[in-house]
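Everything below concerns the one structure shown next.
In what follows, chains carry the letters A, B, and so on, assigned in the order in which the sequence lines appear, proteins first and then strands, with residues in each chain numbered from 1.
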There are 2 protein chains.
Amino acid sequence: MNNSQLYKGSLSTVLLKLLKENGRMYGYEMTQKVKELTANEVVLNEGALYPALHKLEAEGLLTAEVVPVGNRMRKYYAITPKGQTETESRLAELEEFVKHMQLLLGAKLSLG
Amino acid sequence: MNNSQLYKGSLSTVLLKLLKENGRMYGYEMTQKVKELTANEVVLNEGALYPALHKLEAEGLLTAEVVPVGNRMRKYYAITPKGQTETESRLAELEEFVKHMQLLLGAKLSLG
DNA sequence: AATATATACCTAAATAGATTATGCATCAAT
DNA sequence: ATTGATGCATAATCTATTTAGGTATATATT
């Protein structure tokens with residue numbers, strides 16, 4: 001993500017949520033989806049994206065499947081059962097973060 | 001902050017906001033205030049706090065004044081005019097973050 | 001008297017999560 | 001032929017934080 005648009009630590013939660021919603025996606029597709037959803041305001045940085053995906057895979061939260069499309073390779077990611085649990089957990093953590101911010105910054109932010 | 005309770009990058013915004021609300025505070029006081037506001041859920045880590053305060057001072061956003069209280073020293077911090085502008089800017093940035101999260105995670109989070 | 005807890009500041013080393021800058025390769029369009 | 005989009009990746013650097021320590025005074029407990 002560029003320019004501190006998203007706070008550090010939120011990337012993996014975003015990726016898990018994207019995969020939860022879309023079933024299976026490849027990296028480049030995620031960058032486009034994020035752009036689309038945020039009206040080009042958030043740009044997923046590849047140097048952050050790919051290491052993050054690899055880490056989630058290493059943690060057993062995602063599986064990867066390389067699929068040839070034409071002469072190109074796409075690496076599709078999908079959430080594992082363990083990943084599903086973790087997705088809920090990280091989303092809850094993010095809600096906690098917003099709750100804490102609300103408390104610290106004075107009711108300016110709230111859960112919807 | 002311990003245990004990823006707050007996302008990285010939010011600390012300085014929290015400190016600026018605390019000082020904005022309270023006029024002038026010293027480091028230890030901030031740790032207690034954060035605990036108090038969050039019902040002991042967020043603990044300000046001193047190893048993060050003091051370097052963050054020093055950085056804000058170096059950036060010209062805070063001034064520091066050492067005051068003896070009994071035999072102890074307290075270092076009171078206050079926001080500079082430049083710091084006031086920056087506080088508003090960082091609070092706005094945090095709102096942007098929440099807005100982006102709302103877009104990416106699906107209307108679960110919202111501005112209040 | 002000794003010990004623990006609270007107050008009050010600090011820094012150094014390691015870790016983690018990003019950014020920046022590359023590299024490689026295919027494909028479509030000018 | 002060269003640019004821009006697609007698609008993956010890593011290495012170097014940056015920066016904020018965590019972890020783990022250090023120093024010292026004050027108060028409460030054993």
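Side-chain atoms of A:Tyr77 lie closest to D:dA9 of the nucleotides D:dA9, C:dT26, C:dA8. Taking every side-chain heavy atom of B:Asn71 into account, D:dA26 is the closest of D:dA26, C:dA18, C:dT26. The side chain of B:Ala48 approaches D:dT17 more closely than any other nucleotide in the set D:dT17, D:dC8, C:dC10. With distances taken from any side-chain atom of B:Tyr26 to the nucleotides C:dC27, D:dC8, C:dA8, the minimum falls on C:dA8. With D:dT17, D:dT10, C:dA8 as the candidates, the nucleotide lying closest to the side chain of A:His54 is D:dT10. Considering only side-chain atoms of A:Arg72, the nucleotide from D:dG7, C:dT20, C:dC9 that sits closest is D:dG7.
Place B:Glu46 and A:Ser12 on DNA chain C by their nearest nucleotides, and B:Glu46 ends up nearer the 5' end.
Regarding A:Lys35, its NZ atom lies at a distance of 12 Å from the P atom of D:dG7, rounded to whole Å. To the nearest angstrom, P of D:dA9 lies 9 Å from CD of A:Glu57. Note: OH (B:Tyr7) to P (C:dA18) measures 10 Å, nearest angstrom. In this structure, CZ of A:Arg74 is placed 12 Å from C1' of C:dC27, rounded to the nearest angstrom. To the nearest angstrom, C1' of D:dT13 lies 13 Å from CG of A:Asn45. Rounded to a whole Å, the NZ atom of A:Lys33 is 19 Å from the C1' atom of D:dG7. Atom OH of B:Tyr50 is separated from atom P of D:dA24 by 16 Å (rounded to the nearest Å). If you take CG of A:Leu15 and P of C:dG17, they are 12 Å apart, rounded to a whole angstrom.
Under the rule for a side chain to side chain contact (heavy atoms under 4.5 Å, CB included), the partners of A:Glu21 that lie at least two apart in sequence or sit in another chain are A:Lys17. For B:Leu53, the side chain to side chain contact (heavy atoms under 4.5 Å, CB included) partners two or more places apart in sequence, or in a different chain, are B:Leu15, B:Met30, B:Leu49, B:Tyr50, B:Leu62, B:Tyr77.
Of all heavy-atom pairs spanning B:Leu105 and A:Val14, the tightest one is CD2-CA, 4.2 Å. The two atoms that bring A:Tyr7 and B:Lys8 nearest to each other are CD2-O, 3.3 Å, heavy atoms only. B:Pro51 and B:Glu46 get closest at one heavy-atom pair: CD-O, 3.8 Å. When all heavy atoms are compared, the tightest approach of B:Lys82 to B:Gly60 is CB-O, 3.9 Å.
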Every protein N/O within reach of nucleotides 13-16 of chain C N/O, cut-off under 3.5 Å:
none

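Within 4.0 Å of A:Gly9, counting heavy atoms only, lie sugar-phosphate atoms of the nucleic acid but no base atom.
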Yes or no on salt bridge (charged side-chain N to carboxylate O under 4.0 Å, His left out) for A:Arg24 and A:Glu65, after CA distance, side-chain angles and deciding distance? CA-CA 10 Å; A:Arg24 104 202 239 272; A:Glu65 185 196 359; 3.6 Å; yes
